[in-house]
Amino acid sequence: MRRARYLSQGTHEGQCVVYWMSRDQRTQDNWALWYAQQEAEKRQQPLLVVFHLEKSFLHAQDWHFSFLCQGLQEVEQTLFQLNIPFLLSRGTIQDHLIPLLKQLRPSLVVTDFDPLRIKREWKLIVSQAIPVSMIEVDTHNIVPCWIASDKQEFGARTLRPKIHRLLSEFLTDIPQIHSHPYRFSTILPPNEWPHLALLPPLSPTPGEKAAWEAFLTFFSNGIHRYAQDKNLPLANATSRLSAYFHFGQLSPQRVAYEISQSETISLENKNTFLEELIIRRELSDNFVFYQKNYDNWDGIPAWAKRSLNKHRDDPRPFLYTLETLESAQTHDPLWNACQKSMKKTGYLHGYLRMYWAKKILEWSLSPEEAIEKAIYLNDHYFLDGRDPNGYTGILWSIGGLHDRPFSERPIIGQIRPMTASGCERKFSTRAFIDWVEYLPEL
DNA sequence: ATCGGCTCGCGCAA
DNA sequence: TGCGCGAAGCCGAT
C-alpha cells in the first residue's frame with residue numbers, strides 16, 4: 001500500500017502487532033489501524049492499540065484534555081467489542097512508552113503520520129529504541145504528504161495540480177476494521193483514566209459518534225450555502241469539523257469522499273468546500289513537514305521578510321501586551337469579540353481568525369513578537385490549536401506565507417491588509433460582537 | 001454592484 | 001526571457 005512507509009527496518013519476530021495511535025484517534029476510517037489489522041491477520045497474531053499521553057503534553061485548558069480523553073474512552077469501548085485491547089501509556093516516551101512496547105514484544109509497530117516536529121522526534125526515538133520494524137501510514141491526508149510533493153511548496157497553486165493528479169488513486173472509500181480473530185493472552189496493565197476525563201459534558205461533544213453527527217448536520221444544511229456564505233461568521237455555513245479533524249476523531253478523507261460522491265450538492269459548493277478541505281489542509285501539512293521553522297519568522301517568504309524589515313521602525317499607534325490581548329481589552333471591539341469567541345468556545349470563524357492575527361502584527365513591536373503571541377493564544381485557546389493549520393494560518397496572516405504582496409502600508413509593509421471597515425462591508429460586525437457577548441461562559 | 005491598480009516570484013511556454 | 005496568475009483585500013472610480 002503506497003500510503004504506508006517504513007520508519008525503520010528491524011526484526012519481525014514477536015507476538016503481536018501494535019498500532020501506536022498518535023494523532024488519528026478513531027476506530028473507523030483509519031488507514032493506519034486497518035493496515036495494522038491486515039498485518040496482524042497475515043501473521044495470525046493479536047492486534048493492540050496503544051495511545052501515549054506525554055507528561056509534558058501541554059493542554060491549555062482542562063476541557064481540551066477532557067475532549068481528548070473522552071474521545072479515547074469511546075475508542076477503548078469500540079475496540080473492546082472488536083477484540084482489540086487498548087492501552088493507555090502515561091508519562092514519558094523514554095520511561096513509559098518504550099518499556100511498554102518492549103514488554104509487548106511486537107512483531108511490527110504501525111503508527112499514523114503527523115507532520116509536527118515533536119511527533120516525528122518521538123517516532124524516531126521509539127524506532128531507535130526497539131528492534132522491530134516501524135511503519136507509518138498517512139491516514140490524516142488524502143494524498144499522503146510525502147507522495148503529494150517532495151519539497152516545500154510555494155503556494156496552493158503549485159500544490160494543487162500535484163494533488164489533483166493523484167486524487168483518483170487516493171480519494172476512495174476506506175475499508176473498515178472488523179472483529180479481530182486472534183486474542184491476546186498475556187495479562188495487560190489496566191487503563192487508568194485521568195480524573196479530568198470525568199468532567200461534565202462538553203461542547204462540542206467529543207468522539208467519533210458526535211463527529212459523525214456534526215458532519216451529517218453540515219452535509220444536510222451548511223454545504224448548500226457554502227460557496228456563498230463561507231466568509232460570513234454568523235451564517236452557519238461552515239462545517240466546524242476542525243476540532244474533530246485535529247484530534248483525528250473524524251477522517252478528512254471520509255468527509256471529502258462523501259461530499260464528492262453526493263448528487264445533491266451543487267458543483268460550485270462541492271468544489272469550493274473540497275478546495276478548503278483538501279488543498280488548503282494538505283498545504284499546511286506540506287509546509288509543516290518540509291519547513292522546520294514552521295512556527296517562526298525564519299519560515300516566511302523572502303519578499304515578506306524584506307518588506308517587514310523595511311517597516312521595523314514605523315511608529316506603532318497601538319501596542320498591547322500579551323495579557324491585554326488575552327483578556328480582550330484592546331481599543332477594537334471586533335478584535336475583542338474574536339478573542340472572547342476563542343476563549344469562551346475554543347472556536348473562531350475562519351475568516352475572522354485572519355483578521356485577528358493580522359491585527360496582532362499591527363499592535364506588536366516586531367513581527368517576531370507578533371508571531372509568538374498569536375501562536376501562544378492559538379495553541380492555548382483553540383480546541384484545534386497545535387495543528388499545522390494554525391501555524392500555517394498565522395504565518396499566512398502575519399508573514400505572507402503562500403500569499404502574494406500587496407501595496408505597501410505602514411507597519412505591515414506588503415502583507416495583505418485586513419481592516420474592520422473591510423469586514424463591515426461584508427457583514428455586520430455589530431451583530432457578531434453582540435452574538436459573542438451573549439455566548440455563555442464555559 | 002463591479003472593476004482596476006497595487007506588487008512579487010514560481011512555473012511554464014517560447 | 002516573458003508572461004500569467006495567485007488563499008480569504010482595500011479603496012476609490014464608475
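Each chain gets a letter, A, B and so on, in the order the sequences are listed, and its residues count up from 1.
Ring geometry for A:His331 versus A:Phe318: interplanar angle under 30°, hence parallel rather than tilted (30 to 60°).
Base-pair partner of C:dA8: not found among the strands shown (Watson-Crick or G-U wobble, both distances under 3.5 Å).
Rounded to an integer number of Å, the gap from CD of A:Glu362 to P of C:dC10 is 11 Å. Between the CZ atom of A:Arg157 and the P atom of B:dC8 there is a distance of 15 Å, rounded to whole Å. Between the P atom of C:dG6 and the CD atom of A:Glu275 lies a distance of 10 Å, rounded to the nearest Å. The separation between A:Tyr226 atom OH and C:dA8 atom C1' is 10 Å, rounded to whole Å. Here the P atom of nucleotide B:dC6 and the CG atom of A:Asp403 are 18 Å apart, to the nearest Å. Atom-to-atom, CZ of A:Arg165 to P of B:dG11 comes out at 12 Å; the value is rounded to the nearest Å. Computed from coordinates, the A:Phe406 CZ to B:dG4 C1' distance equals 13 Å when rounded to whole Å. Rounded to a whole Å, the CG atom of A:Leu401 is 17 Å from the P atom of C:dG6.
Note on A:Ile279: nothing from the nucleic acid sits closer than 4.0 angstrom, heavy atoms only. As judged by a 4.0 angstrom heavy-atom cut-off over every strand, A:Tyr351 is placed among residues touching the sugar-phosphate backbone only. Residue A:Arg160 is classed as a sugar-phosphate contact, given heavy-atom separations below 4.0 Å to backbone atoms only. Residue A:Met418 is in sugar-phosphate contact alone, with no base atom involved, counting any heavy-atom pair closer than 4.0 Å across all strands shown. Residue-level contact check: A:Lys426 touches the backbone only, with heavy atoms under 4.0 Å from sugar-phosphate atoms and none from bases.
Within 3.5 Å, no donor on the side chain of A:Arg404 pairs with an acceptor on the base of C:dC5, nor the reverse. Judged by distance alone, with hydrogens and angles left aside, A:Arg280 brings a side-chain donor or acceptor within reach of the base of C:dA8, the pair sitting under 3.5 Å.
Between A:Trp146 and A:Phe289, the ring center distance fails the sub-6.0 Å criterion.
Residue A:Thr158 places no side-chain N or O under 4.0 Å from the OP1 or OP2 atom of B:dC10. Taking side-chain N and O atoms only, A:Lys162 has no distance below 4.0 Å to OP1 or OP2 of B:dG11. Of the side-chain N and O atoms in A:Gln414, none sit less than 4.0 angstrom from OP1 or OP2 of B:dC6.
One N or O on the side chain of A:Lys358 and one on the backbone of A:Arg416 form a donor-acceptor pair closer than 3.5 Å. Of the possible polar contacts, one joining the A:Glu282 side chain to the A:Ile142 backbone as a donor-acceptor pair under 3.5 Å is found.
Cation-pi geometry between A:Arg240 and A:Tyr347 is satisfied (NZ or CZ under 6.0 Å from the ring centre, within 45° of the ring normal).
Of the candidates C:dC11, B:dG9, C:dA7, the closest approach to any side-chain atom of A:Phe154 belongs to B:dG9.
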task: Please assess A:Asp112 against A:Leu33 for the test side chain to side chain contact (heavy atoms under 4.5 Å, CB included), listing each intermediate value before the final yes or no.
output: CA-CA 8 Å; A:Asp112 48 20; A:Leu33 180 55; over 6 Å; no

How far apart are the C-alpha atoms of A:Glu153 and A:Lys162, what are their side-chain angles, what is the distance that settles it, and do they pass the salt bridge (charged side-chain N to carboxylate O under 4.0 Å, His left out) test?
CA-CA 10 Å; A:Glu153 291 294 331; A:Lys162 299 183 181 183; 2.7 Å; yes

Verdict with supporting geometry, A:Asn309 and A:Arg312, side-chain hydrogen bond (donor to acceptor under 3.5 Å, both in side chains): CA-CA 5 Å; A:Asn309 278 337; A:Arg312 278 186 188 275; 2.7 Å; yes

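A distance of about 14 Å separates the P atoms of C:dC5 and B:dA14, rounded to the whole Å. Remark: the separation of the P atoms in B:dG9 and C:dG9 is 22 Å, to the nearest Å. B:dC12 and C:dA7 are spaced 15 Å apart, taking the P atom of each and rounding to whole Å.
Contact check of residues 290-312 of chain A against DNA chain B (heavy atom, cut-off under 4.0 Å) returns A:Trp303, A:Arg306.
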